[in-house]
2 protein chains.
Amino acid sequence: MQKQQYLSKNQKIVLDHVEKANQPLKAYSILYNVQKKGLKAPLQVYRALDKLVEIGKIHKIESRNAFVACKNSNCLVSNATAFSICESCEKVTEINNSKLSKYLSNFEDNSGMKYSKYNLEFFGLCKKCKNK
Amino acid sequence: MQKQQYLSKNQKIVLDHVEKANQPLKAYSILYNVQKKGLKAPLQVYRALDKLVEIGKIHKIESRNAFVACKNSNCLVSNATAFSICESCEKVTEINNSKLSKYLSNFEDNSGMKYSKYNLEFFGLCKKCKNK
DNA sequence: TCGTATATTGTTATAATATAACGTTATGTA
DNA sequence: TACATAACGTTATATTATAACAATATACGA
Ligand SMILES: [Zn+2]
Ligand SMILES: [Zn+2]
Ligand SMILES: [Zn+2]
Ligand SMILES: [Zn+2]
């Protein structure tokens, strides 16, 4: 079997929903909202999310246990991600900065190891929240 | 009341246990192991962990939902952390690299924002696992 | 087109992670 | 002392995620 080219029914439904949100969604909130489309159980959502994360269409915000659609056509494979997270309003933005990604992809630790895969989460206050 | 100077009883018990482990521990594994010392409920462990994370003695490995003692005397405040994680044996190492931390602390996103707080997780294979 | 391997689905139950809500006790400070 | 804050203890519950099993769909070569 070839590497999957097209998304399955459940994968499409979940991706559609997450893309429309424009912000990270929790798995059970996704579940609740796609129940009218036939996905009844958590596993159906988690399985779709797993695949979508694997192929880079969706990223998991680890510190929030939430899922957001990729806004960065560069990370077709979900192995090098960076986000900024507002600690007040929880707004999350995917960072698309080639200098940063180059720096991190080329980073060598003290033992000389390189890592092509990473996840970086910045925390602070977004502009709106800073001006309150 | 002053900013806390000394750890409380439960905080000491949990920190002791996590420091001896030398690897990330799950909250419920900590709970199980400190029950002989009197911590009976999850909340007792989670509250101690919360405080210890807040003061930088312990870090949470977000992608693993696990907790590890800080090996880096520099991050007395737990706001700028970096780890390497082996995807095969799950070995986790805290990265202590001043160039990296300077680069990330000074990083400005496209809107000009800086973030003093971040968490970075690198993924790959540790030396042992690579040579298998 | 048949056989086979792999991917996806559907379903129920359960595991693992984390917090709410309440009241009590300890500790620091005026 | 009186007051505020921090820590503790306890029970119940919320939230996040996976195990296990059976069925169906899809791709592809013989
Ligand atoms: Zn992306
Ligand atoms: Zn904000
Ligand atoms: Zn540290
Ligand atoms: Zn390893």
Side-chain angles (χ1 to χ4, degrees), chain A residues 1-18 21 23-68 87 90 92 119 121, chain B residues 1-18 21 23-68 87 90 92 119 121:
Chain A
M1 211 169 190
Q2 248 190 338
K3 200 172 178 182
Q4 193 190 8
Q5 292 190 11
Y6 303 103
L7 298 179
S8 74
K9 186 191 103 204
N10 289 0
Q11 290 159 12
K12 273 182 213 147
I13 292 171
V14 169
L15 179 57
D16 264 19
H17 184 67
V18 175
Q23 61 176 317
L25 297 178
K26 302 280 202 155
Y28 275 74
S29 134
I30 296 170
L31 173 60
Y32 179 82
N33 282 285
V34 298
Q35 278 182 331
K36 61 197 80 155
K37 307 222 169 163
L39 283 82
K40 291 172 190 163
L43 249 194
Q44 296 177 289
V45 170
Y46 278 107
R47 288 199 278 225
L49 287 172
D50 283 352
K51 178 56 100 176
L52 291 163
V53 166
E54 186 190 325
I55 64 178
K57 296 282 190 185
I58 281 185
H59 302 306
K60 182 171 185 184
I61 311 299
E62 292 286 359
S63 67
R64 301 298 188 259
N65 294 321
F67 300 86
V68 70
E87 291 186 296
E90 293 294 321
V92 170
N119 179 54
E121 297 181 1
Chain B
M1 212 171 190
Q2 250 189 335
K3 200 171 177 182
Q4 193 190 8
Q5 293 190 10
Y6 303 103
L7 298 180
S8 74
K9 186 191 103 206
N10 289 0
Q11 290 159 13
K12 272 182 214 148
I13 292 171
V14 169
L15 180 57
D16 263 20
H17 183 68
V18 175
Q23 60 174 318
L25 297 179
K26 303 280 203 153
Y28 275 73
S29 134
I30 296 170
L31 173 60
Y32 179 82
N33 282 285
V34 297
Q35 277 182 331
K36 63 197 79 156
K37 306 219 169 164
L39 283 83
K40 291 172 191 163
L43 249 195
Q44 296 177 289
V45 170
Y46 278 107
R47 287 200 279 226
L49 286 172
D50 283 352
K51 179 55 102 178
L52 292 163
V53 166
E54 186 190 325
I55 64 178
K57 296 281 190 187
I58 281 184
H59 302 307
K60 183 172 185 184
I61 310 299
E62 292 285 359
S63 67
R64 300 298 188 260
N65 295 320
F67 300 86
V68 71
E87 290 185 296
E90 294 294 320
V92 169
N119 180 54
E121 297 182 1

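What you are looking at is a predicted structure, and each value in this text was computed from that prediction instead of being measured. Side-chain atoms are counted along with the backbone in the values below, which use heavy atoms only and exclude waters and symmetry mates. So that the names make sense, note that chain A is the first sequence line, chain B the second, and so on, each numbered from 1.
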Chemist: Within the structure provided, determine whether L15(B) and L7(B) are in side-chain contact (heavy-atom separation under 4.5 Å).
Modeler: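 Side chain of L15(B) against side chain of L7(B), heavy atoms only: contact under 4.5 Å found.
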Chemist: If you measure from CD1 on I13(B) to NE2 on H17(B), what distance do you get to the nearest 0.5 Å?
Modeler: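 The distance works out to 11.5 Å.
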Chemist: Measure the NZ-CG distance between K60(A) and L52(A) for me, rounded to the nearest 0.5 Å.
Modeler: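 Answer rounded to 0.5 Å: 14.0 Å.
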Chemist: Which atom names give the shortest non-hydrogen contact between F67(B) and V18(B), and what distance separates them?
Modeler: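 It is O-CG1, 3.9 Å.
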Chemist: Find the bend of the helix from dT1(C)-dA30(D) to dA30(C)-dT1(D) as the angle between its two terminal axes (five pairs each), to the nearest 10°.
Modeler: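 It works out to 40° between the end axes.
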Chemist: What donor-acceptor contacts under 3.5 angstrom involve side-chain atoms of residues 23-44 of chain A, with partners at least two apart or in another chain?
Modeler:
unit_1: K26(A); atom_1: NZ; unit_2: R64(A); atom_2: O; d: 3.1
unit_1: N33(A); atom_1: ND2; unit_2: S29(A); atom_2: O; d: 2.7
unit_1: Q44(A); atom_1: OE1; unit_2: K40(A); atom_2: N; d: 2.7
unit_1: Q44(A); atom_1: OE1; unit_2: A41(A); atom_2: N; d: 2.9

Chemist: Give a yes or no answer on whether the side chain of Q11(A) reaches the backbone of S8(A) with a donor-acceptor pair at less than 3.5 Å.
Modeler: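 Answer holds: yes.
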Chemist: Can you measure K12(A) atom NZ to dT8(C) atom P for me and round it to whole angstrom units?
Modeler: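 One finds 12 Å between P of dT8(C) and NZ of K12(A), rounded.
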Chemist: About how many Å separate CD of E54(A) and NZ of K57(A), when rounded to the nearest 0.5 Å?
Modeler: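 It is 13.5 Å, given to the nearest 0.5 Å.
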Chemist: With the sugar-phosphate defined as primed atoms, P, OP1 and OP2, and the base as all remaining atoms, what B/S/- string results for nucleotides 8-18 of chain D, 5' to 3', for protein heavy atoms under 4.0 Å?
Modeler: BBBB----BBB
Chemist: In whole Å, I'd like the distance from the CD1 atom of I13(B) to the C1' atom of dA7(D).
Modeler: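 It works out to 13 Å between those atoms.
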Chemist: Report the distance from atom CD1 of I30(B) to atom C1' of dA16(C), rounded to the nearest whole Å.
Modeler: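 Roughly 14 Å, once rounded to whole Å.
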Chemist: Taking side chain to side chain donor-acceptor pair (under 3.5 Å) as the definition, give me every residue that meets it alongside E121(B), ordered by chain and number, with sequence neighbours left out.
Modeler: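 Counting only residues at least two positions away or on another chain, E121(B) forms a side chain to side chain donor-acceptor pair (under 3.5 Å) with S63(B), N119(B).
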Chemist: Using whole Å, what does the distance between atom P of nucleotide dA7(C) and atom OH of Y6(A) come to?
Modeler: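 After rounding, the gap between these two atoms is 18 Å.
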Chemist: Provide, to the nearest angstrom, the distance between the CG atom belonging to L31(A) and the P atom belonging to dT11(C).
Modeler: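 Result: 13 Å.
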Chemist: For dA6(D) and K51(B) - does any side-chain N or O of the residue sit under 4.0 Å from the phosphate oxygens OP1/OP2?
Modeler: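 So the side-chain polar atoms of K51(B) never come under 4.0 Å of the phosphate oxygens OP1 or OP2 of dA6(D).
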